Amino acid sequence: MIWKIFSLKLWREGKEVIRLITLEIKRCRLTTYHRAASIGGITMLGFLYFMAAIPWIDPTDTDIELFASYDFLFNLEHLLSMAIFSIMGAVMGARFVVEEYAGERAVLLFSYPIRREMILGAKLCLVFFYTLFAMLVWSAATEIIFFVTESLFPIGSGTFSWERVLWIFLSLLCHSLIAGAVAIVSLWIGFLKKSVSATIVASVITATLLCQILSAVFAFRQALFILSVVLAAAAIAAVKHLFYQIGKMEV
């Protein structure tokens with residue numbers, strides 16, 4: 001009986017959050033972010049071809065084998081995409097959360113006959129899942145196009161075995177999760193500082209550090225999974241603290 005009541009409550013709250021996310025999308029419009037994601041995806045596709053073509057452009061390069069490796073190319077593409085979408089997600093968070101709760105609109109938000117946590121939760125879900133799925137969709141599209149062209153006119157070296165394809169997908173999934181988590185953590189920092197600039201600067205610094213760390217442990221694949229779990233835990237802690245801060249805010 002208790003489980004049925006709990007499940008019903010979760011179902012109702014989930015439906016309410018989805019409704020709030022839909023209203024948020026209609027109110028704010030995501031056209032600018034769609035364009036930014038599109039530009040990021042197209043840029044990464046061009047970057048992939050450019051990096052793969054380096055051995056052909058300069059055959060005397062000492063790192064020619066590295067640049068021709070598919071593992072290196074896709075890892076580099078994932079790192080740069082993670083940085084791009086992390087910053088884009090932080091910009092979304094700065095607009096949807098930091099600006100609104102630090103400005104006069106906070107009075108209007110708190111006047112709604114809806115729990116504060118529900119409104120904030122909808123905004124956070126929108127920022128996190130948009131960042132996650134935008135990177136997943138565009139990076140996947142980029143890599144599929146690259147796969148197809150490589151099967152017809154190969155530039156890089158190596159073969160696309162099922163094992164390699166599976167690892168590329170898992171790597172993309174983890175990097176997308178990290179991008180969403182970085183956006184949430186950066187948003188949290190900006191909220192505490194009540195500054196849009198702090199949100200964006202935090203995302204740039206965090207993404208840069210993560211790129212350095214992941215590139216340094218490129219050969220140790222388990223490090224990516226460990227870092228994904230750590231960032232996910234950090235994002236959850238940030239969300240809990242945001243709920244706490246919103247709950248005690250007075251306007």
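Values reported hereafter were calculated over all heavy atoms of this structure, with side chains retained and with hydrogens, waters and symmetry mates removed. Note that the coordinates shown come from a computational prediction; the quantities given were computed from them, not determined experimentally.
- Note that CG of Leu166 is 4.5 Å distant from CG of Leu170, once rounded to the nearest 0.5 Å.
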Report task. Go through Trp188 and His241 one step at a time and tell me if the side-chain contact (heavy atoms from CB on, under 4.5 Å) criterion holds. Result -> CA-CA 8 Å; Trp188 168 66; His241 191 252; 3.0 Å; yes
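- Across every non-hydrogen atom of His175 and Met82, the tightest pair is O-CG, 3.6 Å.
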- side-chain contact (heavy atoms from CB on, under 4.5 Å) between Ser139 and Glu77, intermediate numbers included: CA-CA 8 Å; Ser139 291; Glu77 190 268 334; 3.5 Å; yes
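- The line from OG of Ser176 to CG of Leu132 is 5.5 Å long, rounded to the nearest 0.5 Å.
- More than 12 heavy atoms of other shown residues, nucleotides or ligands fall within 6.0 angstrom of atom CZ in Phe243.
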Next item on the list: Using the side-chain contact (heavy atoms from CB on, under 4.5 Å) rule, take Glu117 and Ile246 through it: C-alpha gap first, then chi angles, then the decisive distance, then the call.
Entry: CA-CA 7 Å; Glu117 292 81 2; Ile246 290 296; 5.8 Å; no
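- Distance check: Leu80 CG to Cys211 SG gives 6.5 Å after rounding to the nearest 0.5 Å.
- In this view, His78 and Glu143, Ser171 satisfy the side chain to side chain donor-acceptor pair (under 3.5 Å) rule, not counting sequence neighbours.
- A heavy-atom distance below 4.5 Å is found between the side chains of Leu79 and Ser215.
- Counting all heavy atoms, side chain and backbone alike, Thr199 lies closest to Ala90 at CG2-O, 3.4 Å.
- Between Phe146 and Tyr49, the ring planes lie tilted relative to each other; the angle falls in the 30° to 60° range.
- Following chains of ILVMFWY side-chain contacts shorter than 4.5 Å, one can reach Leu124 starting from Met118, so the two form part of one hydrophobic cluster.
- Hydrophobic clustering places Tyr101 together with Val196 (ILVMFWY residues linked when any side-chain heavy atoms are closer than 4.5 Å, directly or through intermediates).
- Judged by distance alone, the side chain of Ser203 and the main-chain N or O of Ile200 form a donor-acceptor pair under 3.5 Å.
- At least one donor-acceptor pair under 3.5 Å links the side chain of Thr142 to the backbone N or O of Gly41.
- A chain of hydrophobic side-chain contacts below 4.5 Å, direct or via other Ile, Leu, Val, Met, Phe, Trp or Tyr residues, connects Leu173 to Leu214.
- Under the 4.5 Å side-chain heavy-atom criterion for grouping Ile, Leu, Val, Met, Phe, Trp and Tyr, Leu120 is not connected to Tyr244 through any hydrophobic cluster.
- The main-chain N or O of Phe96 is found under 3.5 Å from a side-chain atom of Lys123 such that the two form a donor-acceptor pair.
- With a 4.5 Å cut-off on side-chain heavy atoms, Ile168 and Phe147 count as touching.
- The shortest heavy-atom contact between Ile184 and Ala238 is CG2-CB, 4.4 Å.
- Ring geometry for Phe129 versus Phe133: interplanar angle under 30°, hence parallel rather than tilted (30 to 60°).
- Aromatic ring pairs are classed by plane angle as parallel below 30°, tilted from 30° to 60° and perpendicular above 60°; the pair Tyr130 and Tyr33 is perpendicular.
- Residues Leu224 and Cys174 share a closest heavy-atom pair of CG-CB, 3.7 Å.
- Of all the heavy atoms in Thr131 and Phe85, the pair that sits closest is CG2-O, 3.2 Å.
- Paired with Met92 under the rule side chain to side chain contact (heavy atoms under 4.5 Å, CB included), one option of Leu187, Leu30, Val97 passes, and it is Leu30.
- By the 4.5 Å heavy-atom criterion applied to side chains, Leu210 and Leu227 are counted as neighbours.
- Listed here is the closest heavy atom pair of Ala140 and Leu172: N-CD2, 3.9 Å.
- Val91 and Ile205 end up in different hydrophobic clusters when Ile, Leu, Val, Met, Phe, Trp and Tyr side chains are linked at under 4.5 Å.
- The CG atom of Asn75 lies 8.0 Å from the CH2 atom of Trp167; values are rounded to the nearest 0.5 Å.
- Residue Phe169 qualifies as open at atom CZ: its count of foreign heavy atoms under 6.0 Å is 12 or below.
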side-chain contact (heavy atoms from CB on, under 4.5 Å) evaluation trace for Leu48 with Ile145: CA-CA 11 Å; Leu48 263 179; Ile145 293 172; over 6 Å; no
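- Between Val182 and the choices Val204, Leu177, Leu231, the side chain to side chain contact (heavy atoms under 4.5 Å, CB included) rule is met once, by Leu231.
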